[in-house]
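Structure first, commentary second.
Keep in mind it's a predicted model, so treat the numbers as computed, not measured. Below, all heavy atoms of this structure are taken into account, side chains as well, without hydrogens, waters or symmetry copies. Chain A is the first sequence line, chain B the second, and so forth, proteins listed ahead of strands; every chain is numbered from 1.
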Amino acid sequence: MKETIYIFSAGTLKREDNSLVFITEENQKKHIPVENLKEIFVFGEVNLNKRLIEFLSKKEIMISFFNHYGFYVGSFYPREHYNSGFMILKQAQYYIDNEKRIYIAKKIVEGAARNSLKILRYYKNRGRKLDNHISEIEKNVEKIFRIEEIPKLMQVEGKIKKIYYESFNEIINSSGFKFTKRGRRPPIDRINALISFSNSLIYSIVLREIYATHLDPRIGYLHSTNFRRFSLNLDIAEIFKPIIGDRTIFSVINKNIIGVKDFEKSLNRVFLNDRGKRKFIEILEKRLNETVKLRKIGRNVSYRTLIRMELYKLEKHLLEDEVYEPLIMEW
Amino acid sequence: MFVILYYDVGVKRVSKMLKVCRKYLTWVQNSVFEGEISYSNLERLKSEIGRIIKDEDSVVIYVFNQMLYSKREVLGKDKKEETKFL
């Protein structure tokens with residue numbers, strides 16, 4: 001399994017001896033084994049040049065940047081190496097045809113909702129009062145199947161998300177963390193800060209996995225394709241946010257790994273400081289490499305591989321090979 | 001899988017070995033490397049090394065399929081650097 005590295009300190013990243021080296025401000029050289037590298041996440045102030053970009057492109061390494069507040073800035077998405085005109089046509093065809101598009105979009109919303117429900121049921125069995133939340137979400141899930149338009153679907157999705165997020169207060173048992181309402185720009189409380197940070201990471205992890213398939217990240221189905229940016233990764237991320245992101249959030253808070261001290265407040269926004277970000281990533285990374293046994297294929301796969309498999313399923317759907325059904329946690 | 005690699009090569013080839021090994025593995029001490037590596041990358045590394053070394057040189061690679069029942073102990077200073085978080 002190729003690795004991901006996270007750069008928090010300031011320094012220079014450069015190509016040297018056909019490998020990578022990171023030179024810190026104290027002039028310490030840290031060598032990075034390039035052949036075992038999949039992606040780089042940059043949080044600190046890093047200098048780099050075109051020579052490095054060229055090299056990363058050749059080695060198919062994606063580099064993503066995050067700003068001071070942990071928000072996603074952008075990625076260097078190396079020249080697509082699995083370029084397939086046929087696949088792009090298929091993707092576009094499924095986007096333009098409303099019936100085809102809404103099928104995929106619905107499945108994504110359904111997958112995300114069912115995975116959220118799985119998590120709520122898990123905590124219900126541990127004695128949290130979540131019956132109301134669960135039945136409300138279930139009611140909304142049934143609505144999904146009757147919808148025929150994307151905007152309506154987005155509304156239902158929003159409603160499910162709202163109920164789901166409100167349940168966080170029941171699940172989290174730490175006095176320093178209280179969820180008021182979802183507010184993204186800026187994050188208004190510590191839980192919002194964690195959700196935003198975790199989502200940013202998941203978006204770029206999914207993007208990196210899309211890079212390894214024939215799919216084009218610019219054409220999404222639930223999130224509309226626009227002039228600016230990638231949207232397919234946002235779609236697929238929906239399914240994995242509860243499974244990977246939210247579970248990590250619950251465990252870092254409930255196990256006291258991240259506390260009030262790991263946050264900073266400036267102006268009217270709350271965000272994780274470097275230490276908090278690092279701790280969160282460590283736990284998230286552990287989860288990504290954790291394996292689960294899939295009944296369908298009878299073997300252990302990591303969460304990261306699950307993301308890749310989800311994309312292959314979508315590819316198969318577009319090629320009219322197998323109808324897409326979202327991953328629903330069965331463990 | 002996980003490998004431990006060490007080499008004893010002629011002075012002229014030391015720096016070449018260092019550069020090649022750094023591409024794939026993490027440096028631990030002079031002429032000692034370790035790290036996770038895929039099967040195909042290990043084959044690539046071996047072929048790159050094969051092109052550098054001469055008859056009198058020696059390179060030893062320990063390959064572990066899994067790290068169960070293993071323990072890494074360090075006496076004194078651990079020179080291996082953290083590369084995951086920089």
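- For A/K277, no part sits under 4.5 Å from any heavy atom of chain B, backbone or side chain.
- Side chains of A/V292 and A/L306 form a contact here, defined as non-hydrogen atoms less than 4.5 Å apart.
- Interface remark: A/E285 contributes side-chain atoms only to the contact with chain B (heavy atom separation under 4.5 Å).
- Taking the six-membered ring where the residue is Trp, the centroids of A/Y211 and A/Y77 are separated by under 6.0 Å.
- Comparing A/I281, A/V21, A/V34, A/I32 by heavy-atom pairs within less than 4.5 Å of chain B, the highest count is held by A/V34.
- Without hydrogens or angle criteria, A/K279 side chain to A/I257 main chain gives a donor-acceptor distance under 3.5 Å.
- For the residue pair A/T248 / A/S251, no side-chain donor-acceptor distance below 3.5 Å is found, with atom types taken as modelled.
- Judged by distance alone, the side chains of A/K241 and A/Y203 do bring a donor and an acceptor atom under 3.5 Å apart.
- Within the 4.5 angstrom heavy-atom criterion, only side-chain atoms of A/F22, from C-beta onward, approach chain B.
- Within residues 24-61 of chain B, the residues approaching chain A closer than 4.5 Å by heavy atoms are, in numerical order, B/Y24, B/L25, B/T26, B/E36, B/N41, B/R44.
- Residues B/F64 and B/V3 fail the side-chain proximity criterion, which asks for heavy atoms closer than 4.5 Å.
- With chain B as partner, the option from A/K30, A/E282, A/E35 having the largest number of non-hydrogen pairs under 4.5 angstrom is A/E35.
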query = Does the pair A/H68 and A/F43 meet the rule for a ring pair (Phe, Tyr, Trp, His ring centres under 6.0 Å), with working shown?
reply = CA-CA 7 Å; A/H68 178 62; A/F43 296 92; over 10 Å; no
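- With A/Y303 as the partner, the side-chain contact (heavy atoms from CB on, under 4.5 Å) test is satisfied by one option alone out of A/I243, A/L284, A/I205: A/I243.
- Between chain B and the options A/R278, A/E16, A/H31, heavy-atom pairs under 4.5 Å are most frequent for A/H31.
- Using a 4.0 Å cut-off between a side-chain N of Lys or Arg and a carboxylate O of Asp or Glu, A/R308 and A/E209 qualify as a salt bridge.
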